[in-house]
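First comes the structure, then the notes that go with it.
Along the sequence shown, the residues carry numbers beginning at 1.
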Amino acid sequence: QVQLGESGGGLVQAGGSLRLSCAASGRTFSSYTMGWFRQAPGKEREFVAVISRIGGSTYYADSVKGRFTISRDNAKNTVYLQMNSLKPEDTAVYYCAAGVHGVVATAPAYFDSWGQGTQVSVSS
């Protein structure tokens with residue numbers, strides 16, 4: 001399994017932007033599909049975005065489409081989530097996840113390794 005660590009969370013006003021980063025250990029980062037999920041208090045973990053192994057395919061939840069962008073730099077073993085036009089309903093703990101099977105999927109079951117999460121809070 002790959003070890004993951006998120007950073008970049010914080011408190012921002014509605015309409016603002018944040019960029020989350022997720023650094024991965026190991027030399028096989030490019031073998032993994034990478035995803036971002038989030039979990040708000042009292043709610044289940046939900047899919048946010050996913051990117052294929054070499055970044056050619058991306059997919060987003062409808063709630064973030066057009067506002068969030070997922071990208072990856074395989075040379076740096078890092079995946080990013082650029083979040084623009086943030087809304088209070090985006091407030092959650094954000095997790096990155098790695099899937100060794102290479103499937104561009106939205107279900108958590110397809111992901112084998114998870115980071116510890118980073119808090120994003122958006123004030124109105």
Has E6 got a side-chain atom pairing as donor or acceptor with G117's backbone, closer than 3.5 angstrom? yes
Please determine whether residues V50 and L20 belong to a single hydrophobic cluster, defined as Ile, Leu, Val, Met, Phe, Trp and Tyr linked transitively by side-chain heavy-atom distances below 4.5 Å. no
Nearest 0.5 Å, what's the OH-CG distance between Y95 and L4? 13.0 Å
Between N74 (side chain only) and R53 (backbone N and O only), is there a donor and an acceptor less than 3.5 Å apart? yes
For V79 against F29, the heavy-atom pair lying closest together: N-CZ, 4.0 Å
Please tell me whether V64 and V104 are part of a single hydrophobic cluster in this structure, the criterion being side-chain heavy atoms less than 4.5 Å apart. no
What's the spacing between K43 NZ and R38 CZ if we round to 0.5 Å? 8.5 Å
Do P108 and W114 have side chains that approach each other closer than 4.5 Å (heavy atoms only, starting at C-beta)? yes
Restricting to side chain to side chain contact (heavy atoms under 4.5 Å, CB included), what partner residues turn up for A14, sequence neighbours left out? P88, V122
Smallest separation among heavy atoms of A105 and F47, with atom names: O-CE1, 4.1 Å
Tell me whether the guanidinium CZ or amine NZ of R72 lies under 6.0 angstrom from the six-membered ring centre of Y32 and within 45° of its axis. no
From CA spacing to verdict: side chain to side chain contact (heavy atoms under 4.5 Å, CB included), Y94, Q119: CA-CA 6 Å; Y94 283 70; Q119 176 70 47; over 6 Å; no
Can a donor-acceptor pair be found, under 3.5 Å and without considering hydrogens, that links the side chain of S25 to the backbone of Q3? yes
K65 bridged to D62 by N-O distance under 4.0 Å: yes
For the residue pair T69 and Y60, establish whether any side-chain heavy-atom pair is separated by less than 4.5 Å. yes
Does a sphere of radius 6.0 Å around CD in Q116 hold more than 12 heavy atoms from other residues, nucleotides or ligands, not counting ones at 6.0 Å or beyond? yes
Does S121 reach the main-chain N or O of L11 with its side chain, forming a donor-acceptor pair under 3.5 Å? no
What are the two closest heavy atoms between A23 and T78, and how far apart are they? CA-OG1, 4.2 Å
Stepwise side chain to side chain donor-acceptor pair (under 3.5 Å) check, S17 with N84: CA-CA 4 Å; S17 298; N84 298 328; 2.9 Å; yes
To check you understand the geometry: which heavy-atom pair defines the closest contact between A40 and T91, and what is its length? CB-O, 3.7 Å
Does Y80 have R19 sitting over its ring (NZ/CZ under 6.0 Å from centre, angle to axis within 45°)? yes
Look only at the side chain of Q1 and the backbone of D112, and say whether a donor-acceptor pair between them is shorter than 3.5 Å. yes
Do D90 and R67 have side chains that get closer than 4.5 Å, going by heavy atoms? yes
Ring centroid separation for F111 and F37, is it under 6.0 angstrom? yes
Run T28 and V2 through side chain to side chain contact (heavy atoms under 4.5 Å, CB included) and show every step you take. CA-CA 8 Å; T28 59; V2 64; 5.9 Å; no
So how far is it from S31 OG to I54 CD1, rounded to the nearest 0.5 Å? 11.5 Å
Is the backbone of A61 close enough, under 3.5 Å, to the side chain of S63 for a donor and an acceptor to pair up by distance? no
dist T33:OG1 -> Y59:OH (nearest 0.5 Å) comes out at 15.0 Å
